[in-house]
S.K.: 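Questions regarding the structure given below will be posed in turn.
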Amino acid sequence: MTTAVFAKNTFAVMNLCTEFAVMKLIVVLWSFSLYLEAVAILPQLVLLQQSRNIDNLTGKYVFLLGAYRALYLINWIYRFFMEKHQVRWIPWLSGLVQTALYADFFYYYIKSLNKPRKSLPV
């Protein structure tokens, strides 16, 4: 390419590079938010496991958070078979990790439903 042709070039390379960098930053932040969401419940689960005394509202809240994520996995499986067999690895892996973290809580929560509740003294 000669200097004369290079001088006539009006393509905005810097605009393209800036847009590309912004898009990549958004993808990185989106991926990070999914990974963070997957492990954000971990301190709460550890606290619940250590205390062994879970109030009714907290137990139901954490159970419903886990049920929400499990239903999301069912949605992804349904969409995989009903749509173009497209796999989005980042949400699938973060969803599987989050559901696996809830599995221990699910086990003890369902096991505790069979135990009779103690009534408070009046």
Side-chain angles (χ1 to χ4, degrees):
M1 183 178 281
T2 63
T3 309
V5 175
F6 185 73
K8 292 180 183 180
N9 187 3
T10 59
F11 186 72
V13 176
M14 287 307 294
N15 290 345
L16 182 66
C17 291
T18 305
E19 291 171 9
F20 178 75
V22 168
M23 288 175 56
K24 279 300 188 183
L25 179 65
I26 290 171
V27 168
V28 167
L29 292 175
W30 174 73
S31 301
F32 177 74
S33 73
L34 288 176
Y35 295 140
L36 184 62
E37 181 188 5
V39 296
I41 194 67
L42 199 55
Q44 179 73 30
L45 292 175
V46 169
L47 181 68
L48 291 174
Q49 190 176 25
Q50 288 175 351
S51 70
R52 298 280 185 205
N53 187 10
I54 302 168
D55 61 322
N56 197 16
L57 183 63
T58 305
K60 287 184 180 181
Y61 173 73
V62 173
F63 178 78
L64 289 174
L65 280 175
Y68 150 78
R69 182 50 69 180
L71 289 173
Y72 237 98
L73 289 176
I74 293 170
N75 175 41
W76 291 333
I77 292 168
Y78 171 79
R79 288 179 62 187
F80 176 77
F81 287 112
M82 295 301 168
E83 293 178 1
K84 298 184 274 184
H85 292 292
Q86 184 177 9
V87 176
R88 295 189 173 119
W89 290 108
I90 294 173
W92 280 49
L93 289 176
S94 63
L96 286 172
V97 166
Q98 190 173 14
T99 306
L101 290 174
Y102 281 111
D104 182 54
F105 179 80
F106 284 159
Y107 173 75
Y108 288 111
Y109 181 79
I110 293 171
K111 190 176 170 183
S112 73
L113 292 178
N114 296 332
K115 293 181 181 180
R117 301 270 179 188
K118 294 181 181 177
S119 61
L120 294 174
V122 180

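Below, each value reflects all heavy atoms present in this structure, side chains not excepted, and no hydrogens, waters or symmetry copies. FYI, the numbering just counts along the sequence from 1.
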S.K.: Would you name the heavy atoms of Tyr102 and Val62 that are closest together and state the gap between them?
M.R.: CE2-O, 3.7 Å
S.K.: Looking only at heavy atoms, which two atoms of Val39 and Leu101 are closest? And how far apart?
M.R.: CA-CD1, 4.2 Å
S.K.: If a pair satisfies ring-ring contact (aromatic ring centres under 6.0 Å, His included) and one of its residues is in residues 41-74, list it, with sequence neighbours excluded.
M.R.: Phe63-Phe106, Phe63-Tyr109, Tyr68-Tyr72, Tyr72-Trp76
S.K.: Using atom types as modelled, flag every donor-acceptor pair under 3.5 Å from a side chain in residues 22-34 to any protein atom, sequence neighbours excluded.
M.R.:
| from | atom 1 | to | atom 2 | distance (Å) |
| --- | --- | --- | --- | --- |
| Ser31 | OG | Val27 | O | 2.9 |
| Ser33 | OG | Trp30 | O | 2.7 |

S.K.: What pairs with Glu37 under side-chain hydrogen bond (donor to acceptor under 3.5 Å, both in side chains), at least two apart in sequence or on another chain?
M.R.: Arg69
S.K.: Which distance, rounded to the nearest 0.5 Å, do you find between the CG of Leu73 and the CD of Gln98?
M.R.: 9.0 Å
S.K.: May I ask you to list the residues sharing a hydrophobic cluster with Ile74, side-chain cutoff 4.5 Å, ordered by chain and number?
M.R.: Leu71
